[in-house]
Each structure stands twice: as C-alpha cells, then as structure tokens.
Amino acid sequence: MAEIKSCDVAEPVSTQDATQADRHGLLEHSREFLDFFWDIAKPHQETRLEATEKLLDYLRTRPTGSEMKYALKRLITGLGTGRETARPCFSLALAQLLQSFEDIPLCSILQQIQEKYDLEKVKKAMMRSALFANLFGVLALFQSGRLVKDQEALLKSIKLLQTLAQHYNHLHSQPLKALMDILSEVPEATFQEILPEVITGDLNVVLSSPHHLELFLLAQQKVPTKLKKLMGSVDLLSDENIPSLVNVLKMMATSVKKEHKLPSLALNLLRLALKEDRFSRFWKEVVEQGLLKKQSWPACYLCFRLLGAALPLLSTEQLQLVMQGDLIRLFGEHTVTTKLPNQFKFVPEMSEYIGTFLEGSQDDPERQLAVLVAFSSITKQGVPVMPTFWRVTQFLNPQALQDYVAWLQDMFLKPNLDSLIEFSTTNQKKSQNASLNMPERAVYRLRKWIIHRMVNIVDQLHQEKEEALIDQVARFCLFHSFFKTKNPVDQIPETKQQLSIPLDVRTRDFIIAAFFSLLQTLSIKFKQAPDQTQGGKSWTYHLVRLADTLLNHSGNVDAVTPFTTEQRQAWDQMLETLKELEARSSEAKATAFQHLLLLVGIHLFKSPTESCDLLGDIQTCIKKSMGEKTRRRSRAKTTDSQEPPWVEVMVEILLSLLAQPSHLMRQMARNVFGHICPHLTPHALQLVLDVLNPETNQDEDDNVVVTDDSDEKQLMDSEVPGGEGEDNRNSESEEDSEDGEESEEEERDEDVDPGFRQQLMAVLHAGKALGGVDGEEDEEELGDEAMMALDQNLASLFAEQKLRIQARRDEKNKQQKEKALRVAFQIRVLDLIEVLVTKQPENPLVLELLEPLLSIIRRSMRSSSTARQEQDLLHKTARIFMQHLCRARRYCHDLGDRVEALHTRVEQLVQQASRQADSSVALYYFNASLYLLRVLKGNTVKKPQEQSGLCSHPHPASHLAQAASCLDLNLVTSIYSGALSSFLTKRNSPLTAAMFLNLFSRFPVICKNLLPILIQHVAGPARPRHQACLLLQKTLPRGELRPCFEEPEWEQLIVQILVKVTENLRTLGEAQNKSEHQKELSSLGLLNILLKSHKVRQRAGNLTTLLDVLQGRQQILQQSLQQGEHLIGSTRLHDPRPLLAGPLEKKDAKEVSSATQSPVSMKRKKKGFLPETKKRKKRKSEDVTAIATGEDQPPSTGKRRRKKIKAKTSKLQNRSEKLSQVNGVTPTSPAEPAGKKQQQKALPKKEVSGKSPQSALPRKKARLSLVRSPSLFQGGAKRKRMMRKKGRAAQTPACPSSPATRSPVDS
C-alpha cells in the first residue's frame, strides 16, 4: 500500500461518489488478484516474473471486466512508488500487459500517466517520484514493442523525454539514453517524419552536448538524405568543428569516468571517419592533438579504450600509424608510473582488447603480428613495458606466433633501438642522468626481456601442437648460453645468425639462468609424459645430443668455456653410460639415473669443475648399483676397505645438488633417492641427518655449500616492466632509507659501549672541553685552533665508531642470511626423509628418524623466531612425523637384535615427554613411544608370521600370542604406570588425558594393567580423582577393553570402582570450592557410566549400600542448596537416585514404598508455565499427597514397563475421587494399600501454587536429577518424551503395592 499512499498526494481531490465507487470496486476483487501486485514489487526476480505471468493469465479470462481497469491503475500508480527497486518491476509488468493486450491504446495509457504525475501540479516533495514515473512509463511503452508502430504515441513520448531531460539533477542522462534507444528502433519512414521534432537545424546545438551529437550521428546513419535537406552539408572534421568536437568528447569522457567503458559516441565518430576515409585526420587532430593536448586521465582512458576498440577496424597501415604516435607513448608511461592497488592500471583492460582482436582475426596473421610487435616495441630505456608473462599469445595464429618468435630472436641478435617506441617519464626528464641512456645498457635490458619472453611463450604452449617452436627456442637458448659461432655452417642454423653486438658476461649469465628455467618448464609441465619429444626421448636428452653435436663441430663452433681434457673425457664417458642405461630403460631405477646424468651433464657447461667430479662419482655409483653382483661387491670391500659404499657417495651427491637453488634439481634428487632407498646404509642416512642437526654442522666443516638464489630473484625482476621496476625500487629505497635512519638511531644508542665513552671523555679532556665548575671560563680559554682540532678529533672518533657499528650490523645481517640459507637447505633435505618414510616404511633405518625429527620439532617450537622459513620447517617436519611415520599402515617387521634397545628408547621417550615444558611438544614424544610399541607388538620372537593380538582373543590363546610378541608387557606397563602416576599427581604435568586415551584404545592390554592405578586415585585428592574419573568414563565404555577380561574379573573390577565411588559420595553436598565441586561432578559422572554401560542393574544387591549413602546425604545436600554453595546449573547432578530405580525394581514393593522421599525433589518453581486453561490434563502429577504427608517413595525412571492390571473402580468413581481431592478432601495415607490409588491422584501438580509446607526452598532448586544432566546422559527431546510416556503408563491404577509413582523430578 506504499505505492498508493505515495501517489495519493499527487492526485487531485476526487468527488465523494467516485471514491465510493472505487472502494466498492476494490472490495469486489479477490485476495488472490490483489496479491499479484504485492508480488510484482518484491526484489526476487523469479517472484516478480511469476506474479506478472499469473496476472496476465488472470486478466486473459476477464479482458473486459473491472479487473483490467484496476490493474492498469495499480500498475501506473506503482510507477511512482517511493521504493526505487519497485519502479522497474511495475514498469516491466505494464509493458508485458500492453504487449499481451494490443487493443489497449498507448495514447490513453500515456495520458493517464501524465495526468497522474503532472509535473506542473505535483508538489515539490513528490517531484522526484513523478519524474521517474513518467520515465518508467515511457520505457514501459517502448518495451511493449508497440511504441515504434504508433506514431502519435511516439511523438508524445519523445516530447515527454525531452521535457524530462531538463531535470538533470534527478534523472541525469537517462531520458536522452532512452530517446536514443527508441530512435534506434524506429523505422526509416517514421524517422523521416519525426526528424524535425528530434533534431534542430542548428549545428552549434548539435555540437553543444554529447547526446545531441549522438542523435545527429544516428540520423546521419539512418536518414542521411532527410538530414542533409534539414541541415545542409555538415563536415564534423573541419577545422572549425574539431575544437567543439574535442570538447564534446571530453564531456563524454568525464561522464563515463566511473563506469570504465567506452562511450558509443566515440566509436561512432571513429566509424564515421573510417567510412569517409578520413581516419588519419581524425586520429591526429581529434585524438592526439585534441584529447591528449591537456592531459586529463578521463580523456586519456577514453583514448586508450578507443585504441583497443579500433584494432579490429583498422588495416595494417592504419595500425602502424596508430602504434607510432603520442598515444602509445602515453600508454607506456601510464603502465610504468601507476602502482597498484591505489591507482588504476589500464594494462589488464588493454590486454582484453588485444585478446579479443587476436581471437577474432585468426585468418589474418599479418595484422596479428603487427599489433603484437607494436606493443612489444613500447620501451623505456630498452625494456618493453608489457610483461614477459603476457598471455595474449594463446590467441595467435600458428604462423603469426612463429613470426613473432622470429622477430624476438632477430631483435635479440641485432637490436634495432631506432625501431622501438622509446619514452621517458617525468622523473627521468628531470634527472638527466647520462648513464641511464647509454645504448649498451638499453641493449642489455632489451635482450634480457626477450630471452625471458621466449621462455614464457614456451610455458604457455601445448607441446603436442608446437614442438617445432619449442625446439627452436630451446636450441636458441642452449647455443647462445654456452657456444659462439666460429664459421657458419648449414648443418647448424644457429651459426648463420650473426650477432651485431657481442654478448657480454652479464648477458650470458641471465641466458644460462633462462635456459635452465626453460629446462625445468619442459620437465615438470607435462605430467602424463614428462618432457618427452615425439621421438620418445626427453627434452634434456635431446639438448644433450645437440650439445654433443656442437662440441664435435669444433671448426665451426667454439664453446664459451672450452672443456679441458679431463672434462671432455667425463662428457664422453657420460654418453657411453647413457647408452648402457638405454638398454635397461625398462627399469625405473635406470630411467632415474639417466635423468640425473643428463642434468649433471648439462651443468658441465655451467660449472665444469664441480660437475666433472660429480659425473665421475655418479657413473661409478651407477655401475656399482646396476652392474656388480654381490660376490664382486664383497671382493671389492676386501681389496679396498677405504672406499666408501656407493650409496653413501650417491647421498652426498644428492645433498650437493639440493644445495643449489633449482627446483629441477630438487625434483631430480627426490626421484633418484626414492630408487636408492632399499640400498641405504646407516652411515648414508647419518649424512642426511647431520644436515638436519645444526649442532654438528656448527662444529664440523661441511662439504656442502649452500648457494644463494638472489641471482634468480634478480633475473625475475626483469619480468617487471623496466620503468615500473625502477620506480618501485626508487620508492622502496626512499622508504628503506627512512626506516634505516630510525634503525640507525636506535642501534647507535644501543651500541654505545664503555670504551667509546672513555675515548670520548679523553678527547674532550685533551681539548679542554671539560673544565672546572665554571663552563664559561673554559669556553673563553679555547681558541679557534683548539676548537678546530677538537672538532677534527671528535669527527675521527665518531667516524671510527660508525664503522664499528656498521661492521657489527653487517656481521649480524650475514649471520641472519646464513641462518636463512641453512633453514632453506634443511627444508629441501626433508624431501629425502619424506621419500624414505613413504617408500620404505619397513626399512629398519626408519626407526633412526625419530630422535632427529623430534629434535627439530622441539627446537623450532622453543624458538622465538617468527620467520616464515622457521615455521615452514616446523610444519613440514611435523607433517612427516605424524602423517607419514606415526600413522603409516606399514612399519618395520624385522627388528633383529634391536628389541631391547627399542624398549629402552620407549622408556626414554616417555620420560622426555614427562619432562617437556609444553604439552604440544610432549605429544610428539608420546606418539613416538606409541609408534615403537606398535613396532614391537607387530614383531615376533620366533614366528614372524604370527601377529600378536594383544586383546583380540579373550581365551587363553591370547596369552600365547602375547608371549610370541617382542613386546615386554611387564616392562612397558611399568614405564607407562610411572607416567600415569606422574600425570595424576603433578599439577603442571605436560602429559594430557588424550595421550593416555590414545594409549588405552590402541593397546587395551596395557590399559588393563593400568586400571588399578586409576581405581586407586578415584578416592584420592581432588585433581587425581577428577582425572582418574575422567579417564575411566572414557575408557570403560569402549569395546576394545572388554575382551581382555574374563567375566568374574570384569565384575570384580566394576565392584571395586563402585566401592570407590561410594566412598566419594559420602561427602556429597559438602563442596566448599570449585575443585571440590568438580570432584563431586566427576564421581557422579563415573557412576552414571557404570550404571548405564555395564549391566549392573541385574546386581541390585550391590547397589543397596550406594542408595543408602545417597539417601543419607539428602539433608546435607538440601542445606548446601539453601545456602547457594553450588555453581549455577549444576544442581541437577546431585540426585542420582533415579538411576538406581531400575536395578531395585525387583525388590519387594512394600520395602521400596516405605523409603522416605527426598526432600530435595519436593519443590519446583512455576516459571514460564501455560495458563490453567491451556494445560494438558494427562500430565497431572500424583505426588502431591506424598509430599504433603512427608512420605518418601522411590523415584521411577520410567524405563521399565510394568504390567497393566484392570482398575478396581470405574471411570465415574475415578472422576469423583479426583474432584474430591481438588476440593480439599484429605487423602488416604500411602501406607494403606487400599488408598494407594488415591495417593497417586491426590492433586494436579501444575495446579499447586506457592511452596511446600515442609521446606522454604523455591521449586527451581529442587529439580535435582541426573536423568536431566546433559553431561552424563545422552539426553534429548526424544528420550524425555519416551520417559514421560512410560511414566504415564506406570501411573495407571494397577495394584496397590506397585511402586510406580512418578516423582516430581521425572514428571
């Protein structure tokens, strides 16, 4: 009704008869019909569309009734609603209505809209709603599809839109946009007739605003003849009109500044210039000399978007004109100077324009190449502004891609700086640094970008389709990395490519780095067939063969670093070994060794000395591992005892490869180590573990030198466009300088030592700067020469101090860098540990990994360092230890003589876990001991095939299985019993209950032996009692423990626990603090588990004492509740007697009925009950009589169904008794059997108000039942409903002696 209310203000005052008629018509409509209009205004589109469809279906059945009139009126009213989201909904519904019922005249609808929202009569407060109502009304007429066919309605709509356009503050440019949309759909004949109403004949008016110009262009496109008759010949690109045209475009650029899109007016002008073959004049005069003359970023962005949108429309010559002007230089400067995220960067949007162009011009490779070359030629000091990872090449035609790579290689070999579009930023123009503009520097930066660009192109290719291109790039990188041309030859195409400027050492260094990056890309990109060519060989093998070919053509090609005789012999031997490995290529180990040889062989060109030694050692290891037999190995050991095993040599080689910052080397080391794991020796494993132990590394000199990857980071900087990278570095250097000044001041204050103070005092005394008391006299005594000398001495002293501070700072930075390199190397070495644990979990050497991994975890968790590398090391070590080692399905089954040592290690691990300061560290040690227990359990003394099921068989055969296991149960029990006692007695023990629960679940026999300790502490002090009860609560219900006991042993265990719990309950209600209160709760929780889980209900004789204890504590409990000593919400746990009702049901009913009722469960506070008239009569209680007489009755849980006996009295008699009880008749004593039924029907419990005559406690505190405890029972609404049903079934007047009366607690 908000729509009607908002529009009633604008309506003229109607007569009384018309109002009554409208109301009468409104009442005639159904509720369903009126709901359509409410649903139309809802925000959900599906609801609106469904309501509109239903409204149309409804109106189709009544096309001439009053519903149609009301629907039109309601929809028109909705156009001016105050809710902005509802206006388009009503407009769309009105459009569909007019589309469905074409007999409704549009002029009448438009007239109703103008009368309803008359702009001249509407109040100022409703002006905005009226304006939008007129606008959406015209849009509804247009969306119906009938407006362009009705010329009269069209003219009226155009005039209305022109009127609405004057209210720019409210509607902005929406009326003119709607006018453009309408006129674009109008037929040419109709357009010619209405043209004088739309466009004036004055050209100045046309060039005054963007929308007038847009109407002019539309008319020129649809009716050029009629427009020429109206306005004459118009030349928009004349010298007189170009300034006005530029102003209009600037206005349009400002209006779409926040929309980030190209206005259609600019694109229409571009098409007009192309149509009239005047594109060159338009681009130079309007764009470059007009819009770019006074640089404003909205106008610049409009030009950028116009450039991107014009790419598909331009020819090759026009593209060259566009890409050589000022606009492209401005684009390069914008790309370099803008920084994310604070400033808008246009490169992603331009990349989308270029990608769209390339994707749509697949049949024109020449234009594709022209655009790509043009954008790659925008440089700043030689570096193109486009990134090296520019991914638009995925849309290139194969021929265009081949030509583009050829252009890159030609530009690398013969850099033509004159063909590049060079620009300079404002800062560079101000600095005028000649060293930055040297040609050699520009050539170096250009080549660096080109080589990385080619590598990234290969990364984006599909190998199956572009193998020839990949081979071309790989050969180019290999040749120019390690070789140079001596004499051109046809067999080697790279020798024909002459360098106009020779390559220097810096250039070759980054070419080598790019080559190995390319090799890594080819090795890891394709997972199904890694780095395989069509010939079935890897790319590394293919490149090694190419390198051998180049080495053999020594007359035509020279190596940059020529091989020595020893290095050439190592190369030739490597090739021979590769041939031998090819014969055994079916073996996985041979393939891994082949890849290792190829990779190290390629590195022979990069680092000949180190790689030569590695090649010799690798070949020796390969021959020994694959060619020798066991007998020959033994002979070799006897002849040369000093020679280390080949596995140890291979491990050292892999460690040296891991020290290099190469991901390819890392993957190769993992692969090879996985194949040599079965041959691993203890000393070989110790070589790996020594790297992970920093203590030994600091004392001993390692042969492994960790290299820094800063060179790679510097190479990666080239992927950032040159100017941008430098500007970023400049800004960062400024920030660093500011931070450095602050840190220097802090360090200067910290680094002032007493020695420097003494030297300073000596200099001051020598210069007499520190005199007696009168400082002024001392100052007068010092002359100019003395002051100069003093200044020089102070300056030299502070200069020395500054050098000392800088030296200390450099030393500190060096140590931090060395530490970072060491941690990074340890993270890489952990790859080898992970391979060993995952691929060889049965290897006995895996047991030697526990202590080193635990040492790393303990050291990392104790460290206060927050460096990311330290955290990565900790997380990776913890993941390997927990997931791959402790939780592995396979483990060592061949211990040999390690059994006794493993028992000792178990004891040490448990002791170390108990001595830790942090529970998180102790958890790893405890899990390590459990892993060793699992290994000992899974190994047998004589018969390995017999697995010891420690608790899977309750019969005596299980003892035979235990005897066959290597696990010393008595020793292990003593170890964990000490740990358990420490956990129960020490307040700040690092051990936790979760650790022992894990132990109990995995080793139930050990749990069986540790249960006496828990039972002993059940009746102990507060903390041990709580922990012991908690462990027993979690342990006893588990199914793994029960088969370990015989039936008599289990019963005896339960009885012992019940006795201890009974002792605890003797102090129930005497809690003075939170710890004692927690002790009571833990005892009650354990009692709950015993009564619930272990069928003690069949042994009612054992529970009599417990029930007596509970009943005897009721008075104390009641007093404690009155004093409010218990915590809030815990009073429900102090009445466990309902749990005992089931076991005691089979006793004599008279004995049970004679028991006194608990005074604690008497009262219940009425809170939140329903009114008396709403109460259900079936839930009336029967215990009010017992409460009034002070007699106790045993509580009933309702869990056992009792026999239903026919009532001795009729229903009429029951009703009369009920009425008499309600009226105050004294009930019969519960001791009389004949009056038992009357006792149960004494008073409705919900009608009792006030307090019980026996106690002044409120009834809320009397609800003390363990049945309602969420922490002890798996309660819920379903269980409560079942208990109520059983309780009501037990309330039937069965027999007088039945103890089935419900207590107030259970009701």
Side-chain angles (χ1 to χ4, degrees), residues 689 692-693 695 833 837 846-863 873-875 877-888 891-892 898-938 950 967-1011 1013-1014 1017 1023-1024 1026-1028 1030-1031 1034-1035:
L689 297 180
L692 300 176
N693 190 358
E695 298 176 358
I833 301 296
V837 173
V846 175
L847 301 176
E848 304 298 329
L849 300 176
L850 293 177
E851 290 295 339
L853 295 179
L854 289 173
S855 177
I856 296 176
I857 293 173
R858 183 183 68 253
R859 184 175 64 252
S860 300
M861 296 187 73
R862 288 181 178 178
S863 175
L873 177 65
L874 173 61
H875 293 163
T877 307
R879 177 176 56 83
I880 294 173
F881 182 82
M882 294 299 297
Q883 297 182 7
H884 299 302
L885 183 60
C886 294
R887 299 177 184 175
Y891 52 88
C892 177
R898 298 184 180 89
V899 177
E900 184 177 355
L902 287 186
H903 282 90
T904 305
R905 293 179 65 182
V906 169
E907 183 177 4
Q908 294 174 355
L909 289 172
V910 174
Q911 292 177 356
Q912 290 176 352
S914 303
R915 291 195 298 264
Q916 298 300 321
D918 191 357
S919 297
S920 58
V921 181
L923 176 62
Y924 291 99
Y925 281 90
F926 201 86
N927 286 332
S929 68
L930 297 184
Y931 171 73
L932 293 182
L933 285 184
R934 181 186 177 194
V935 173
L936 290 171
K937 170 188 170 183
L950 291 183
L967 183 63
D968 189 348
L969 190 58
N970 295 329
L971 178 59
V972 171
T973 302
S974 63
I975 294 173
Y976 284 99
S977 62
L980 181 59
S981 300
S982 174
F983 164 68
L984 294 175
T985 55
K986 288 187 178 181
R987 180 177 297 274
N988 296 324
S989 175
L991 304 178
T992 61
M995 300 179 187
F996 290 99
L997 290 175
N998 190 15
L999 171 66
F1000 295 163
S1001 62
R1002 296 174 63 178
F1003 304 98
V1005 172
I1006 299 177
C1007 176
K1008 175 184 177 181
N1009 296 337
L1010 296 179
L1011 282 179
I1013 300 177
L1014 295 177
H1017 287 83
R1023 185 185 182 279
H1026 174 66
Q1027 298 293 346
L1030 179 62
L1031 289 175
K1034 301 293 184 180
T1035 305

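The backbone N or O of G978 lies less than 3.5 Å from no partner atom in the side chain of S982, so there is not a single donor-acceptor pair. Put simply, the side chain of S981 gets close to the backbone of S977: a donor and an acceptor are under 3.5 Å apart. No donor-acceptor pair under 3.5 Å is formed between the side chain of H903 and the backbone N or O of L971. At least one donor-acceptor pair under 3.5 Å links the side chain of Q916 to the backbone N or O of Q912.
Rounding to the nearest 0.5 angstrom, the gap separating the OG1 atom in T877 from the CG atom in L854 is 10.5 Å. With rounding to the nearest 0.5 Å, the separation of CE in M882 from CG in L923 is 5.5 Å. Between the CG atom of L902 and the CD atom of E907 there is a distance of 13.0 Å, given to the nearest 0.5 Å. Summarising the geometry, atom CG belonging to L980 is positioned 14.0 Å from atom CD1 belonging to I975; distances are rounded to the nearest 0.5 Å. One distance of note links CZ of F881 with CD1 of I856; it measures 11.5 Å at 0.5 Å rounding. Between Q1027 atom CD and T992 atom OG1 the span is 9.5 Å, to the nearest 0.5 Å.
Contact detail for S920 and M861: the closest heavy-atom pair is OG-CE, 3.0 Å. Across all their heavy atoms, L847 and R905 have their closest contact at O-NH2, 2.8 Å. Heavy atoms only, all atoms of each residue included: S919 and P990 are closest at OG-O, 3.0 Å. Contact detail for L1031 and L1014: the closest heavy-atom pair is CD1-CD2, 3.6 Å. Between C886 and Y931, the shortest heavy-atom contact is CA-CD1, 4.1 Å. Residue S929 comes nearest to L909 through the heavy atom pair N-CD1, 3.7 Å, listed as atom of the first residue, atom of the second, then distance.
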Start with the C-alpha gap between L689 and L849, add the side-chain angles, then the distance that decides, and say whether side chain to side chain contact (heavy atoms under 4.5 Å, CB included) holds. CA-CA 8 Å; L689 297 180; L849 300 176; 3.7 Å; yes
Steps toward side chain to side chain contact (heavy atoms under 4.5 Å, CB included) verdict (T985, H1017): CA-CA 9 Å; T985 55; H1017 287 83; 4.0 Å; yes
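Residues R858 and Y924 have side chains that never bring a donor and an acceptor to within less than 3.5 angstrom of each other.
Within the 4.5 Å cutoff, the side chain of L991 has heavy atoms near those of the S914 side chain. A 4.5 Å side-chain heavy-atom check between L999 and L1010 finds at least one atom pair inside the cut-off. Using a 4.5 Å heavy-atom cutoff, the side chains of V899 and D968 are not in contact. Annotation: side chain of H884 is not in contact with side chain of I833 (no heavy-atom distance under 4.5 Å).
Side-chain rings of F996 and Y976 stay apart, their centers remaining 6.0 Å or farther from each other.
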